[in-house]
Amino acid sequence: MGFHGSTSSAPTSGRSFWSSALRRKAIDFPTESVAGDSTGLIRRLGLFELILLGIGASIGAGIFVVTGTVARDAGPGVTISFALAGAACVFNALCYAELSSRFPAVVGGAYLYTYAAFNELTAFLVFVQLMLDYHIGAASIARSLASYFISLLELIPFLKGSFPSWIGQGGAEFFGGIVSINILAPILLAILTVVLCYGVKESSAVNTFMTATKVVIVIVVIVAGAFEVDVSNWSPFAPNGYGAVVTGATVVFFSYVGFDAVANSAEESKRPQRDLPLGILGSLLVCAILYIGVCLVLTGMVPYKFLGEDAPLAEAFTAKGMKFVAILISIGAVVGLATTLLVGLYVQSRLYLGLARDGLLPSIFSKVHPVRHTPIHSQVWVGIVAGVMGGLVNIEHLSHILSVGTLTGYSVVSACVVTLRWKDKVSNQVSRRFISAWFEGTICLVVIAFCGFLSGLSYRFSWSLFLILLTIVIAVIGAFSLVFRQGYTDPPGFSCPGVPIIPIISIFFNMFLFAQLHVEAWYRFVIVSLIAVGIYAFYGRYHANSVSSEHPIAYHGIPSEAA
């Protein structure tokens, strides 16, 4: 599915920094489809493929590892942890679902929504923060996949212990562990990159097969484990109190991330306005059911105190004499990581494509192969970056700065839902004498985000309960202002219910989680943002296409494969 921006707009070489940085993108979507265009992407993904895309992006080896790790603290209450995290993710997913329906024609995801709702500079900052998460995440997953793959091979007796660490398990470390050589990770990345370059139909078929295999394995694990459950292991349900359960929810929250991959497949969906929201919410629901099922089985099979750290699920089945299920779990971990990595690489290339079309990145990233209809240059670049990092860098040193881009992107997307609703109903906004309605509403959103962060800090460092309550009260006042002093309307297509309340809750909780990240992650947010502003100041603003609400970019339809 493809839409691409016209390239007739001239670079903004004569504009000042702020006049360029504060521009918002308006997009014109003509109703006619242009047949025979070979310069864009192709609509080949149906609803089933989109749901599997979201599942493939979310469920990796974490379902076999994170569940046990959190259960060591939360006990059987880890089930509630996953349920709470899933419920919190629903708020984010509803916001993504609305915007994916509202902008069904163009790649870009959170970047595109931010460009339309706020401004060019903020959109570029969101892209840079997200992209760093994606690059580090891809390299980390590739190394984990290499390790699991070697472990799977070593199940064969004559291969056990025959692979040195530099092949795939961990890595040969140099310079105090900063450099860690891993040969297999770049090879696996190269294979997946070739699959993605070959075509979205082929890569979707690979993802569909592997994700379906992964889901079947998880279902087999749940069903087989259900016969070994001892309900007495579920008591006490929350041995360390429900505070540990809530803390567990903040940890497992990231096990659900990945549904934004569906939003980034906008140009390759056959029926984007209908299927994107269904794909986002459907994949999230399936993931939640699978996670909760695994938690119940795991904590019912083995007392939570005796769960292993590295492979708790496999160890639980081995202890019950069910080694064949343990082997299935190892296969599921390999397949799960492979699909997560495949979808992650896919999403990154589409983001590069979107920014290059807008002129914020070099135009080479906007090239689409005329036959394969894939952004080959972007895809190869993404594979090279992940390959170099996965093959040479000790990713554990970078793991503490992950998730910053994800939480930032989710928060901004939630804010986009609110601000774009204002633009739809300007006539009903309450008049102000000193500041505009848009500016007042934006201030309220920023205050709510800051209150969420401060509340998270108070919870993390056990500060005064009064401070937590105060931040909540201030956030509620901001919410009241957004509810009663702004005008809203329902957009065409899927509409997020409860606007602005649901986006407000989403923003507050995302920033609460942001406060739980490592201090290094906060430093990373500030440093990377400053670097991004510098890149934009010296490159982006001079090359960005001249677009505004008066002169929108026009996107035209690329026919489906059937056409």
Side-chain angles (χ1 to χ4, degrees), residues 2-29 37-41 103 105-135 264 266-267 347-370 374-385 405 408-409 412 416 527-556 558:
F3 296 80
H4 60 86
S6 60
T7 57
S8 58
S9 299
T12 58
S13 56
R15 289 179 176 267
S16 68
F17 176 85
W18 289 113
S19 63
S20 296
L22 298 179
R23 291 178 303 162
R24 292 200 293 267
K25 172 187 278 190
I27 302 176
D28 180 26
F29 297 108
D37 194 318
S38 62
T39 62
L41 307 176
F103 297 93
V106 198
V107 293
Y111 153 77
L112 174 69
Y113 310 149
T114 308
Y115 204 165
F118 290 102
N119 55 65
E120 190 171 278
L121 178 59
T122 304
F124 188 71
L125 292 174
V126 167
F127 163 79
V128 173
Q129 294 287 356
L130 274 175
M131 197 50 59
L132 185 55
D133 264 15
Y134 278 129
H135 284 321
N264 280 287
E267 287 195 32
V347 170
Q348 292 176 59
S349 67
R350 271 56 183 178
L351 282 171
Y352 273 103
L353 173 65
L355 265 84
R357 284 174 173 172
D358 292 338
L360 292 170
L361 291 177
S363 60
I364 189 172
F365 292 120
S366 67
K367 305 294 183 184
V368 176
H369 194 278
T374 55
I376 287 184
H377 297 92
S378 295
Q379 198 69 72
V380 170
W381 166 254
V382 166
I384 290 174
V385 172
T408 302
V412 174
C416 288
I527 294 171
V528 170
S529 295
L530 292 174
I531 293 173
V533 171
I535 294 173
Y536 176 80
F538 291 102
Y539 180 87
R541 74 184 184 98
Y542 292 113
H543 295 83
N545 295 328
S546 244
V547 295
S548 66
S549 57
E550 294 80 18
H551 301 91
I553 286 185
Y555 286 84
H556 61 269
I558 300 299

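- The structure places OH of Y536 at 7.5 Å from CZ of R541, a figure rounded to the nearest 0.5 Å.
- The shortest non-hydrogen separation linking V128 to A532 is CG2-CB, 3.8 Å.
- In this structure, the separation between CZ on F118 and CZ on R24 is 9.0 Å, given to the nearest 0.5 Å.
- Ring-plane geometry between F103 and Y113 is classed as tilted, the angle between the planes lying from 30 to 60 degrees on a 0 to 90 degree scale.
- Side-chain atoms of R23 come within 3.5 Å of backbone N or O of S20 as a donor-acceptor pair.
- Expressed to the nearest 0.5 Å, how far CZ of F124 lies from OG1 of T114 amounts to 13.0 Å.
- The main-chain N or O of L351 is never found under 3.5 Å from a side-chain atom of Y111 such that the two would form a donor-acceptor pair.
- Note that the CG atom of L355 and the CE atom of M131 stand 7.5 Å from one another [nearest 0.5 Å].
- Looking only at side-chain heavy atoms (C-beta outward), V412 and L125 stay at 4.5 Å or farther from each other.
- Taking the six-membered ring wherever Trp is involved, the centroid distance between the rings of F127 and Y352 falls below 6.0 Å.
- For the residue pair S16 / S19, a side-chain donor-acceptor distance below 3.5 Å is found, with atom types taken as modelled.
- Here L112 contributes atom CG and K25 contributes atom NZ; the two are 5.5 Å apart, rounded to the nearest 0.5 Å.
- Checking side-chain atoms of S349 against main-chain N and O of S378 turns up no donor-acceptor pair under 3.5 Å.
- Looking at T408 and L130, their side chains never come closer than 4.5 Å, going by heavy atoms from C-beta outward.
- Not one N or O on the side chain of T122 forms a donor-acceptor pair closer than 3.5 Å with the backbone of N119.
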